[in-house]
Structure formats: C-alpha cells, structure tokens
Amino acid sequence: MFRQASRLLGRASWLRPRPFCTEVPAATPSADPAFVEAWKKVAPNIDPPRTPSTYMDPRPPIPSSLPSKMTVNFVLPYSSELSGKEVDMVMIPATTGQMGVLPGHVATIAELKPGVLSVHDGSDVKKYFISSGFAFIHANSVADIIAVEAVPIDQIDASLVQKGLAEFTQKLSSATTDLEKAEAQIGIDVHSALNSAITG
Amino acid sequence: MAMAALRREGRRFAISPNPIAAVRSSIFPAEEQAPLGVRSISTQIVRNRMKSVKSIQKITKAMKMVAASKLRAIQSKAENSRGLWQPFTALLGDSPSVKVKKDVIVTISSDKGLCGGINSTSVKISKALNKLTAGPDKETKYVILGEKAKAQLIRDSKKDIELNITELQKNPLNYAQVSVIADDILKNVEYDALRVVFNKFQSVVSFLPTVSTVLSPEVVEKESEAGGKLGDLDSYEVEGGETKSEILQNLTEFQFSCVLFNGVMENACSEQGARMSAMDSSSRNAGEMLDRLTLTYNRTRQASITTELIEIISGASALEG
C-alpha cells in the first residue's frame, strides 16, 4: 500500500509540469565552503544542513550585448505564475508609478503598490492585478516579481469593487483610532486601484 | 505408580517444549510459568495479546492512510511555494557563514509526535548552529514553532528561548497566518541574522535538514559595503522609498515571511511523509509480531490438547489393566 501510494504520488508529480527545479543536486560546489568548514569543527558527526543556494539553479551571467528578450519570474506564495518566461516588456506598478521594463534595463529594486502588472510578449498582453510586493530587475535582463496575491483582470467583479470602495470610504469617515484610519485608507487605496484597473 | 508415571509424563511435557517455555518467559511475566505437572498455561493470555497487537496494527494502518492523504493535499502547495524564496536568494545571496552579534535560530517542528526522527534532526541542527554561532559577546536565541522542539530544547536551553508558537496547523496553512507570525517575531525579537531551520521535503522517504539565513537590513548594508556576495547590491537602483535603507527594511521583512512560509510548508510535508513511513514500518512490525504470536498460540493450544488426550488415554489404559 505504501509502495502504491508513493507510486501514485510519483505519477501525479510527473503529470504536473514543474516550474522551478525541485530536484535537489547532491552537495553541489555552490554550498558555502566557509559554513561547511565551521560546521565540521563544531559538529563533526552531523552532516551539515543544506542551504538555499544548493537548491537553486545558478542565474545566467550578465550578457555583453543587449539581449532581445527578457526573462520574467512572477511568483506568489501559492504558485509560480510565470517562471523563466521570455517576454518583450513588463509594466510594473511601482510606488513611484507605472514602470516599463525592457531588456537591458538597469538593475533596480522596486517596491510595488497595488496595481496592474502587464506582461507583453509580442502582441500578447496578459494583465494581472497584484497586491503589493517587490520587483527585482537584474543586470542580466532577468526580472523577479514577487507579490502576495494576483488575479487576472478579467476575473475581477466590478460590482464587488464598488461595494468595497463604498464600505471602506464609510469606515474611514467613522474611524477613530489611527490604526482604523490606516486600515480604512489601505482598503480605499486597493479598491480604487482595482477600479482603475477594470476601467483603465 | 500410575500417578508417578503420569507425573513423569507431565514433567516431560512441561520440560520438552523448551523453546516454547523460553518464548513464553520472554513474552509473559514470570508468575505465569506453569508449575510442573499441571496443564500448560491457558491460551487466554496469548489471545489477549494478539487482540491488542491486531488493533494496534489497524490503528497504525489508518494513521498511515490519513498521513498519505494529508501529504497529497499539502505537497502541491509546498512545491508551488518553492519559487517564493528564490528571487531573494538571487538578489541577496546566501550567507550562512555570516558573523553577527545577535543570532536568532527559528526552529520549525511539528506539534504532534509519531513522525519519525525529523524533530530530533531539527533540534540537533539547531543546537549545532548554536555552538557554531557562539562566541565572546555574541548571543544566540531560539524562536520555536511547534511543540516537539520546545520539549527537547527547553531541557537545556530554557533561558535562550525567546518565543514559542504552537498550534500552527489548526487551520490549513496559509500565507496570511505565517506573515502574522513573522510579524510577531520581527517585532519582539532583536536580531542581526535569523536562521530558519526546517526539513525540506525531497521525497516521501527523504527529508533534508536545511538552514535559511535572513539578515537584518543593517547587516545587509554592512555586508554590501564589505563586498563579497552582497557587493553588487549597490549597483541596484532603488525605486520607491527615499533611501535604500527604507527599502531594505521592507525587503528583509518580506524575505523573512516568504522564507518562513516555505519552511513551514516544507516541514509540514516532511512531517506527513515521516509519519507515513513510521506508521508503515510500525504496522509491518505489528504484523510480524502477530505472526509470531499466532504460532505460539497454536503451539500452546496443541500442547494443551495433547496433554488432555494423554491424561485421558493413560487414565483409560490404567483402568483397563
């Protein structure tokens, strides 16, 4: 029964495409040698624990000439929406406003506010509404976008957005403490961004 | 004389099944050893034992099935969360050998037991990390998630435990809950580096102890000035927020909540997988024990039948002549 269970699990995992590499390389040289040394001195009988760098594929080096496409990794806590996708441009909702990112963009760390993220691949445009997060643009034309929640725009219900906006506006006017005011303000910000996302 | 012969027969039958007697003395307490010449011990004791072993086998089989179904549910979520920490490691690198003044070791363990050795492994690694980061005017504290690590660490490091969080899995794990916990830890614990210790789920039978390091914003700045893995950090432009340190503050807090979320999911998967294999080997053991007991039971039963027959027959032959 146990064998069957592991076979079923194994089969199911092959059917689902794996975005990030979940295979674990055995003791790769990218393990931190100083750490392993220090560990062996303190606890020689225990194997040193793995570190995250051993589970990751190394990133591509910085190309000398301008690449034609950039790679986008868009991750959420519950899924990796896009992983290693080659696209032409991404528009991200940074706190300073909408920012367009093309291949060869300067390395940037951007904090994101609730808004629309659009991924342009040729004539194909995919739009997501994301809650806040971070975006890292590396010098090798790889963009990492991490958000807490993301929904494709067409799945947003306009009537619920209006209702939420009205509710939070009312909460702001009846708020007494600073905390309540801040929470209501956040609600209003998110809902007005949602509103402009559906209409704009 | 017939009685003497009978007694001799009885004694012979009490002595000759020596292996049974040896087995009997190992399984049963000494006071059930039958006095010589009396019918051998009742089969009731063996039968009771068999009943309890059979019910244990059923329970462990059921626990294995439950663990297998929970594992199926949580495994896909854990694998989906694996992309979450990779951007941070790509940006900030991975520096487990960083030397800081205040280390905080966040040990992730389970609340329930019967899950093999994963909690002991996590505790062993945490203690070794403690030794590794110890030094003059350095302090290392623990933050413990889960009951099992608390029980082990409270014995010798009671004063080092800052925070203890239990009952994580009462509701299904989600990011909101973990980010609240992360917020709690970040607010109440002073740290220069957070080391998250958990068991990464590689497969149903293999779990790799892992330690993920999250540095505080001040340490990130210091390390980036010193060069090395974080040296490229200065080359990054900063959008939003006036200074780099403001962004770094949000960044490291976000990193911690993402790393903690992934660690908690992986550990939950490892817990279910370890419980599955522990319960499987336990039901297999119970099955073997049941086989051995059945043999003993049959031997005992047959021996008592044989003894009865012999009594009857020798009694009858004594009567005849």
Side-chain angles (χ1 to χ4, degrees), chain A residues 1-2 5-6 8-10 12-13 16 18-20 22 24 32-39 41-43 46-56 59 73 75-80 83 94-96 99 106-113 133-139 142 144-146 148, chain B residues 61 64-65 68 71-72 75-77 79-91 93-97 124-125 127-129 131-132 174-175 178-179 197 200 202-205 208-213 232 235-241 244 247 250-251 254 258-259 261-262 276-277 280:
Chain A
M1 194 64 218
F2 172 59
S6 50
L8 280 169
L9 288 168
S13 66
R16 247 179 289 117
R18 291 280 183 77
F20 279 92
T22 48
V24 179
D32 194 350
F35 178 64
V36 176
E37 279 301 312
W39 181 273
K41 269 191 259 173
V42 173
I46 313 178
D47 276 334
R50 306 291 186 99
T51 48
S53 47
T54 55
Y55 299 137
M56 262 181 72
R59 287 296 175 93
N73 299 323
V75 286
L76 303 165
Y78 302 112
S79 66
S80 309
S83 140
T95 41
T96 48
M99 198 169 102
V106 68
T108 309
I109 304 175
E111 205 176 327
L112 306 174
K113 65 172 189 219
F134 268 90
F136 309 141
I137 303 153
H138 303 277
V142 176
D144 291 317
I145 306 167
I146 314 141
V148 177
Chain B
K61 272 205 184 127
K64 192 188 95 180
M65 290 294 111
L71 176 67
R72 241 193 309 267
Q75 187 179 5
S76 53
K77 284 173 78 173
E79 277 167 12
N80 286 335
S81 78
R82 272 186 193 158
L84 198 57
W85 52 263
Q86 297 200 5
F88 293 104
T89 312
L91 179 74
D94 182 30
S95 24
S97 53
K124 253 194 325 193
I125 302 270
K127 288 192 183 159
L129 265 181
K131 269 203 286 190
L132 205 144
N174 59 355
Y175 183 73
V178 175
S179 58
V197 178
K200 183 174 161 80
Q202 188 188 7
S203 79
V204 184
V205 293
L208 304 168
T210 312
V211 63
S212 264
T213 318
D232 300 329
S235 61
Y236 283 81
E237 289 277 325
V238 164
E239 284 278 338
K244 191 174 227 160
I247 284 255
N250 287 341
L251 190 65
F254 192 36
C258 291
V259 163
F261 179 65
N262 184 52
M276 238 177 92
S277 42
D280 178 57

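Below, chains carry the letters A, B, ... as their sequence lines are ordered, and counting in each starts from 1.
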From CA spacing to verdict: side chain to side chain contact (heavy atoms under 4.5 Å, CB included), A/D144, B/F88: CA-CA 9 Å; A/D144 291 317; B/F88 293 104; over 6 Å; no

Check each atom of B/N262 against the heavy atoms of chain A and say whether the ones under 4.5 Å are side chain, backbone, both or neither. neither

So which of B/N250, B/L129, B/T89 has the largest heavy-atom pair count under 4.5 angstrom toward chain A? B/N250

In terms of heavy-atom pairs under 4.5 Å with chain A, which of B/K131, B/E237, B/K124 leads? B/E237

Portion of A/A110 that has a non-hydrogen atom of chain B nearer than 4.5 angstrom: both

Chain B contact via A/I46 - side chain, backbone, both or neither, heavy atoms under 4.5 Å: side chain

Considering all heavy atoms of both residues, which atom of A/Y55 and which atom of B/Q86 are nearest to each other, and what is their separation? O-NE2, 4.4 Å

Sequence-distant partners of B/T213, side chain to side chain donor-acceptor pair (under 3.5 Å), two or more places apart: none

Which heavy atom in A/V75 sits nearest to a heavy atom in B/G83, and how many Å separate them? CG1-O, 3.5 Å

On a heavy-atom basis, the closest approach of B/P87 and A/R59 is CA-NH2, 4.4 Å

Grab the two heavy atoms, one from A/A34 and one from B/S97, that are nearest each other, plus how far apart they are. CB-OG, 3.8 Å

Counting only heavy atoms closer than 4.5 Å, note whether A/F136 contacts chain B via side chain, backbone, both or neither. side chain

Which bit of A/L76 comes within less than 4.5 Å of chain B, counting heavy atoms only: side chain, backbone, both or neither? backbone

Examine whether an atom of B/Y175 lies under 4.5 Å from a heavy atom of chain A, and if so say whether it belongs to the side chain, the backbone or both; otherwise answer neither. both

Pairwise distance CG(A/D47) to CD1(B/I125) - rounded to 0.5 angstrom: 8.0 Å

Which portion of A/I137 sits near chain B, non-hydrogen atoms under 4.5 angstrom: backbone

Heavy-atom pair of closest approach, residues B/A128 and A/A43: CB-CB, 3.8 Å

Supply the atom-to-atom distance A/T51 OG1 to B/D94 CG, rounded to the nearest 0.5 angstrom. 4.5 Å

Counting only heavy atoms not in B/K61, do more than 12 sit closer than 6.0 Å to its NZ atom? no

Run the salt bridge (charged side-chain N to carboxylate O under 4.0 Å, His left out) test against B/K77 and tell me which residues pass, sequence neighbours left out. none

Pairwise distance CD1(B/I247) to OG1(A/T108) - rounded to 0.5 angstrom: 10.5 Å

How many angstroms lie between CD in A/E111 and CG in B/L251, if you round to the nearest 0.5 Å? 8.5 Å

